Amino acid sequence: MEVKNRIILALDVKTMERAFEVADAVSDYINTIKVGYPLALAEGLESISMIKEEFSSKIIADFKVADIPETNRKIADLTFEAGADAIIVHGFVGADSVTACMESADEHDKEVFLLTEMSHPGASAFLQPAAEHIAEMGVELGIKNYVAPATKINRLETIRNIVGKNAFIISPGVGAQGGETSSTLDFADAAIVGRSIYLSHDPKNTAKGIVDGIKL
Ligand code: 3DU
């Protein structure tokens, strides 16, 4: 996936009005938007196509899909039919559940991102011990896209080493959660930034500042 300026906006706002304001403000700098449960539950799945059409952006649906294969398949089908370019899928549920999403993606000519490990402190209890196995499973399944944490650079590096240099890694946790853009981009292809941008007084300049910092 081509991500302009290597930054993805996590648009975790709860109204379409605010989503449009923020997406419009950053549109010179960011062309890839992650829509998750906050916006989709508040405004419906059509929030995906509305943003996509208005800003010609790519949409990654962060639904952290984690169910049995049959249900995963339905979730992925609905998400792709709503216009998402990619969907984020949990790996801990196992190969059959992930494969169901991959089959949906293939049929719709869309993409799957495999979530290996999360960025918050609590993830160290159960997910971290499994993360390397999850990444290995992704490689065995032929998955190209991964999500790995910006808050734990050594873990991000470990996952990069498993999935290889040709894999595409996006990394949440930059800014509000304490991760730094430059060290994240040493190992990830793109950084995901949410609150630092959409809660700032001036989302446009904040996005510009982040992008300018990458170019230094
Ligand atoms: O912390 P921020 O506001 O920059 O947002 C980070 C986004 O990435 C947010 O949508 C969150 O749900 C998502 N995310 C993580 O923060 C950590 C993960 O491991 C996976 C997704």
Side-chain angles (χ1 to χ4, degrees), residues 1 3 5-15 18-19 22-23 25-26 29-30 32-43 47-48 51 57-66 79 84 86-93 98 101 112-132 134-135 138 145-160 163 168-185 187-201 203 206-207 209-211 213-214:
M1 179 177 277
V3 173
N5 289 321
R6 303 179 72 191
I7 298 293
I8 297 166
L9 172 65
L11 198 48
D12 295 327
V13 297
K14 293 193 278 188
T15 66
R18 186 63 187 147
V22 177
V26 305
Y29 306 102
I30 293 176
T32 308
I33 295 179
K34 187 172 80 63
V35 171
Y37 288 118
L39 187 59
L41 291 177
E43 296 281 16
S47 54
I48 290 175
I51 294 168
S57 40
K58 282 172 217 153
I59 304 286
I60 300 173
D62 186 0
F63 293 157
K64 295 187 179 68
V65 187
T79 304
I87 192 167
I88 295 176
V89 175
H90 257 304
F92 71 82
V93 279
V98 174
C101 295
V112 162
F113 279 83
L114 184 69
L115 179 47
T116 56
E117 180 168 341
M118 295 183 72
S119 61
H120 61 305
S124 60
F126 303 114
L127 201 46
Q128 184 171 310
E132 291 166 43
I134 292 170
N145 304 311
Y146 295 86
V147 185
T151 50
K152 307 164 186 175
I153 293 297
N154 63 325
R155 299 296 305 155
L156 175 58
E157 182 178 13
T158 297
I159 288 163
R160 166 61 77 190
V163 299
F168 191 81
I169 301 181
I170 62 174
S171 188
V174 167
Q177 294 182 52
E180 290 173 5
T181 315
S182 56
S183 53
T184 298
L185 293 178
F187 302 106
D189 297 281
I192 298 167
V193 186
R195 284 165 289 173
S196 299
I197 292 176
Y198 69 75
L199 292 182
S200 88
H201 297 302
T206 303
I210 293 168
V211 169
I214 296 169

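Atoms within each ligand, like the ligands themselves, are counted from 1 in listed order. FYI, side chains are in, hydrogens and waters are out, and symmetry mates aren't considered; it's all heavy atoms of this structure. None of these values were measured; they are calculated from a predicted model.
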Item checked: Closest to atom 18 (C) of ligand 1 (judged by heavy-atom distance), picking from Pro149, Gly36, Pro172 ->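 Shortest heavy-atom distance from atom 18 (C) of ligand 1: Pro172.
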
Notebook entry, point to check: Which residue from His90, Glu117, Arg195 reaches closest to atom 2 (P) of ligand 1 through any of its heavy atoms?
Noted result: Arg195

Minimum side-chain heavy-atom gap [X]-[Y] below 4.5 Å:
{"X": "Ile153", "Y": "Thr184", "answer": "yes"}
{"X": "Ile51", "Y": "Leu39", "answer": "yes"}
{"X": "Pro172", "Y": "Val147", "answer": "yes"}
{"X": "Asn154", "Y": "Lys152", "answer": "yes"}
{"X": "Ile7", "Y": "Ile214", "answer": "yes"}

Could you tell me, atom by atom, which parts of ligand 1 come under 4.0 Å of a heavy atom of [X]?
{"X": "Ala10", "value": "7 (C), 10 (O)"}
{"X": "Ser119", "value": "15 (C), 16 (O), 17 (C), 18 (C), 19 (O)"}
{"X": "Met118", "value": "18 (C), 19 (O)"}

Check: If you measure from each heavy atom of Asp12 to ligand 1, is any distance below 4.0 Å?
Finding: yes

Checklist line | Contact with ligand 1 for Lys34, non-hydrogen, under 4.0 angstrom | finding: yes

How far is [atom] from its nearest protein heavy atom, and which residue and atom name does that atom have?
{"atom": "atom 4 (O) of ligand 1", "result": "Gly194 N, 2.8 Å"}
{"atom": "atom 16 (O) of ligand 1", "result": "Gln177 NE2, 2.8 Å"}
{"atom": "atom 21 (C) of ligand 1", "result": "Lys64 NZ, 3.4 Å"}

Check: Between Val174 and ligand 1, which residue portion shows a heavy-atom distance shorter than 4.0 Å: side chain, backbone, both, or neither?
Finding: backbone

Note to self: A quick test of your reading: do over 12 heavy atoms of other residues, nucleotides or ligands sit less than 6.0 Å from CD of Gln177?
What the structure shows: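 Atom CD in Gln177 is packed in, count exceeds 12.
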
Item checked: Arg155 bridged to Glu132 by N-O distance under 4.0 Å ->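 Counted as a salt bridge, because a side-chain N and a carboxylate O are separated by less than 4.0 Å.
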
Check: Under 3.5 Å, is there a donor-acceptor pair between the side chain of Thr32 and the main chain of Val3?
Finding: no

